[in-house]
Amino acid sequence: MDDGKPQNFIQQIIRQDLEEGVVSRVVTRFPPEPNGYLHIGHAKSICLNFGLAEQFDGVCNLRFDDTNPEREEDEYVRAIQQDVRWLGYQWHGEVRFASDYFDQFYAWAVLLIEQGKAYVCELSAEQTREYRGTLTEPGRNSPYRDRPVEESLVLLEKMRDGEIEEGKMVLRAKIDMASPNINLRDPVLYRIKRRPHHRTGDKWNIYPSYDFSHGQEDAIEGVTHSICTLEFEDHRPLYEWFIENLPVPGKPRQYEFGRLNLNYTVTSKRKLKQLVDERHVDGWDDPRMPTISGLRRRGVTPAAIRNFCDSLAVAKTDGTVDMAQFEHFIRDDLNANAHRAMCVLDPLKVVLSNVAEGETEMLTAPAHPNRDDLGTRQLPFTREIYIDRADFSDDTALSRKKFKRLVLGDYVRLRAAYVIRADDLVRDGEGNIVEIQASIVPGTVGEDPPEGIKPRGVIHWVSATENVECEVRLYDRLFLEPSPGAGGRNFLDSVNPDSLVIKTGCKGEIGLAETERDRHYQFEREGYFYPDSRYSDAGRPVFNQTIGLKDNWAKGGN
RNA sequence: UGGGGUGUCGCCAAGUGGCUAAGGCAACGGGUUUUGAUCCCGUCAUUCGGAGGUUCGAGUCCUCCCACCCCAGCCA
């Protein structure tokens, strides 16, 4: 707990509650609605809730807020659990469901009616809206507000038993139609939805609203600190109203923090679902999606996500974090742990005239420049190799500072191998360079070249005869604009048409043939890559680019 | 024009009336380097949305003003 970092306001509150004995053990919860996949924004909430429990020796529950059968599905329940576990968190005890408490909620609804604090209202949805008033004008009481308790009791039963049509009646709390806080203008407690629920089947024809559920769920589970996002701030008085007016077994307190917004992406389940449904992406786990499953498939590690979330302040400000901040933590973890490998994305053949045909020299390179524990890899060196097209130029006037690669007539170091010189080139009928003729400087493996030979730089390469053919998928941000959909425009208009570039015919070093599914790589000088879980074949791996290397040189524009 | 919130460097932020306004990201210099990566060093707010006021002393307290976000689902 005492890691020197400043305490956020929730940590301060918890510490004080513990010191003053207000609570003896911290209980938090992560309460997703199973109506979509988890995304990076949820990760902040997950890290916060599970993190708080960890820091204060408490526990954190995973509870599905499944009070609306219209859009909730088991598929989401499973995916969400997988994502939370993948992030490295274990919830306390069994998974909880709001639907586990439906009987209790119903009993409490009856109690409120009996106490004259709730009533069945027969206003239509439109009428209810009219009666509610506006932001500046108070609402009016429903004509059903003072109906006899008995009548409401009977009607609620009929609602429950499926005898009333959807939309004809709701159960409402009797609070204050003139409250400046609209949430207190007789909010709906139960609405009729005559459809099966993913867990309770067709047992219920009515379902509790969020407001009538959340606080009670927390109370039942002994949650002490119920942390939610800013937009629920207005609901807190209602949350407390239920806690105070119902014989609940606990007194949870609600605290709100600012949700995570990231630029150049969207974190709204509705928009993400739309991207999936309209096939702008290849499913919820498309590597371009900011979903946990998308990030996982892309090759982002749980540690990177957790470190990023820990770097985020928990406060009440509503800002937008730079994607660069997230990218920093992705690179930070991958740089420390990813195995290095060489892969030529755009192959150009180089024939080394002074290397014997058919001869293979096995070279050894470390799997990581400063982590011996990761071992070494074998690199077959042969007469014909591939380098990347972008690493060669026939413009001999290019300065050494501007182009640290292979230039006709000059020297370059092949990573973990020889220094070579480009002697000549071969063009096809259209003038395109199709082959480089070069020669190695003998004795330069692991050794500096003789006086006078100054390689311009170091480039990656792969044997032309002993390599693994692979596909590489390069990704760019999904949106062209920092805030997609800003200014009332359609967020889909700024979808980046070039966010996925598929490179086939890439040549990877032989070790990539036996890629372990779960191994993160750095393709040297290119970026970080991760085998795609869907399209990789045993013989032909497909690599997703997790993120490129930081490239200060490219930025200069030269 | 009702209610609830928020405003500290390009971005995220610490700061809880008293040493020279933390830190991270980004950016920009320089060094190391068989990855134009990593790593290392350095630069980067006389000023805290604005204006008044209280105080020996204010980003921190008071007053007024301004800007932005959320709320009128039988969504969560």
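Worth saying up front: this structure is predicted, and the values here are computed from it rather than measured.
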Whether [X] contacts [N] is assessed here as follows: a side-chain N or O lying under 4.0 Å from the phosphate OP1 or OP2. Is that the case?
X        : N     : value
A:His328 : B:C25 : yes
A:Asn552 : B:A37 : yes
A:Thr317 : B:C12 : no
A:Arg525 : B:G36 : yes
A:Lys550 : B:G36 : no

d([atom1], [X]; [atom2], [N]) in whole Å:
X        : N     : atom1 : atom2 : answer
A:Tyr264 : B:C11 : OH    : C1'   : 12 Å
A:Ile13  : B:U16 : CD1   : C1'   : 13 Å
A:Gln7   : B:A13 : CD    : P     : 18 Å
A:Asp310 : B:A13 : CG    : C1'   : 15 Å
A:Lys44  : B:C12 : NZ    : P     : 11 Å
A:Met177 : B:G3  : CE    : C1'   : 15 Å

Exercise. Would you give the length of the straight line joining atom NZ of A:Lys316 to atom OH of A:Tyr255, rounded to the nearest 0.5 angstrom?
Key: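 Reported to 0.5 Å precision, the distance equals 10.5 Å.
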Self-check item: Point-to-point distance, once rounded to the nearest 0.5 Å, from CZ of A:Arg519 to CG of A:Asn337
Solution: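 The CZ atom of A:Arg519 sits 11.5 Å away from the CG atom of A:Asn337.
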Base paired to [N] (Watson-Crick or G-U; both N/O distances under 3.5 angstrom):
N     : answer
B:U54 : none
B:C68 : B:G5
B:A27 : B:U43
B:U35 : none

When we call it a touch if two heavy atoms are under 4.0 Å apart, what does [X] touch: a base, just sugar-phosphate, or nothing?
X        : result
A:Glu327 : nothing
A:Pro237 : nothing
A:Arg340 : base
A:Ala324 : sugar-phosphate
A:Arg405 : base

Quiz prompt | Residue pair A:His235 / A:His214, side-chain heavy-atom distance below 4.5 Å | solution =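 When only atoms from C-beta onward are counted, A:His214 and A:His235 do not touch, as no gap falls below 4.5 Å.
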Quiz item: Hey, does A:His197 have a side-chain heavy atom less than 4.5 Å from the side chain of A:Glu72?
Solution: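 In short, these two side chains touch, coming nearer than 4.5 Å.
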Quiz item: Centre of A:Tyr264's six-membered ring, under 6.0 Å away, within 45 degrees of the axis: is that where NZ or CZ of A:Arg477 sits?
Solution: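 Yes, a cation-pi geometry holds between A:Arg477 and A:Tyr264.
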Quiz item: Of the nucleotides B:A37, B:C11, B:G5, which one has an atom closest to the side chain of A:Leu549?
Solution: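 Nearest nucleotide to the side chain: B:A37.
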Quiz item: Hey, would you say the A:Phe523 and A:Phe543 ring centroids sit under 6.0 Å apart?
Solution: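 For A:Phe523 and A:Phe543, the ring centres are under 6.0 Å apart.
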Exercise. Encode nucleotides 67-76 of chain B as B, S and - characters from 5' to 3', where the letter depends on protein heavy atoms closer than 4.0 Å: B to the base, S only to sugar-phosphate, - to neither.
Key: --SBBBSBBB
Exercise. Name the orientation class of the two ring planes belonging to A:Phe308 and A:Phe326 (parallel below 30°, tilted from 30 to 60°, perpendicular beyond 60°).
Key: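 If you compare the ring of A:Phe308 with that of A:Phe326, the planes turn out tilted.
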Practice problem: Pull up the glycosidic torsion of B:G73 and say syn or anti, syn being anything within 90° of 0. | Solution: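 B:G73: syn glycosidic orientation.
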Self-check item: Identified salt bridge (Lys or Arg N to Asp or Glu O under 4.0 Å) counterpart of A:Glu166 within the set A:Lys193, A:Arg195, A:Arg194, A:Arg191
Solution: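 Going through A:Lys193, A:Arg195, A:Arg194, A:Arg191 one by one, the salt bridge (Lys or Arg N to Asp or Glu O under 4.0 Å) with A:Glu166 is satisfied by A:Arg195 alone.
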Quiz item: Side chains of A:Asp332 and A:Asn307: is there a donor and an acceptor less than 3.5 Å apart?
Solution: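 No pair is found: no donor N or O on one side chain lies under 3.5 Å from an acceptor on the other.
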Exercise. Identify, between A:Phe9 and A:Thr136, the residue whose nearest nucleotide on RNA chain B lies closer to the 5' end.
Key: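 Result: A:Thr136.
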Quiz prompt | Of residues 440-453 of chain A, the positions that come close to RNA chain B - non-hydrogen atoms, cut-off under 4.0 Å | solution =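 Under 4.0 Å from RNA chain B: A:Thr444, A:Val445, A:Gly446, A:Glu447.
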Does [X] make a side-chain donor-acceptor contact with the base of [N], cut-off 3.5 Å?
X        : N     : answer
A:Arg331 : B:U38 : no
A:Gln325 : B:G24 : yes
A:Gln12  : B:U16 : yes

Exercise. Please check if the side chain of A:Asn8 supplies one atom and the backbone of A:Gln11 the other of a donor-acceptor pair under 3.5 Å.
Key: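 Answer holds: yes.
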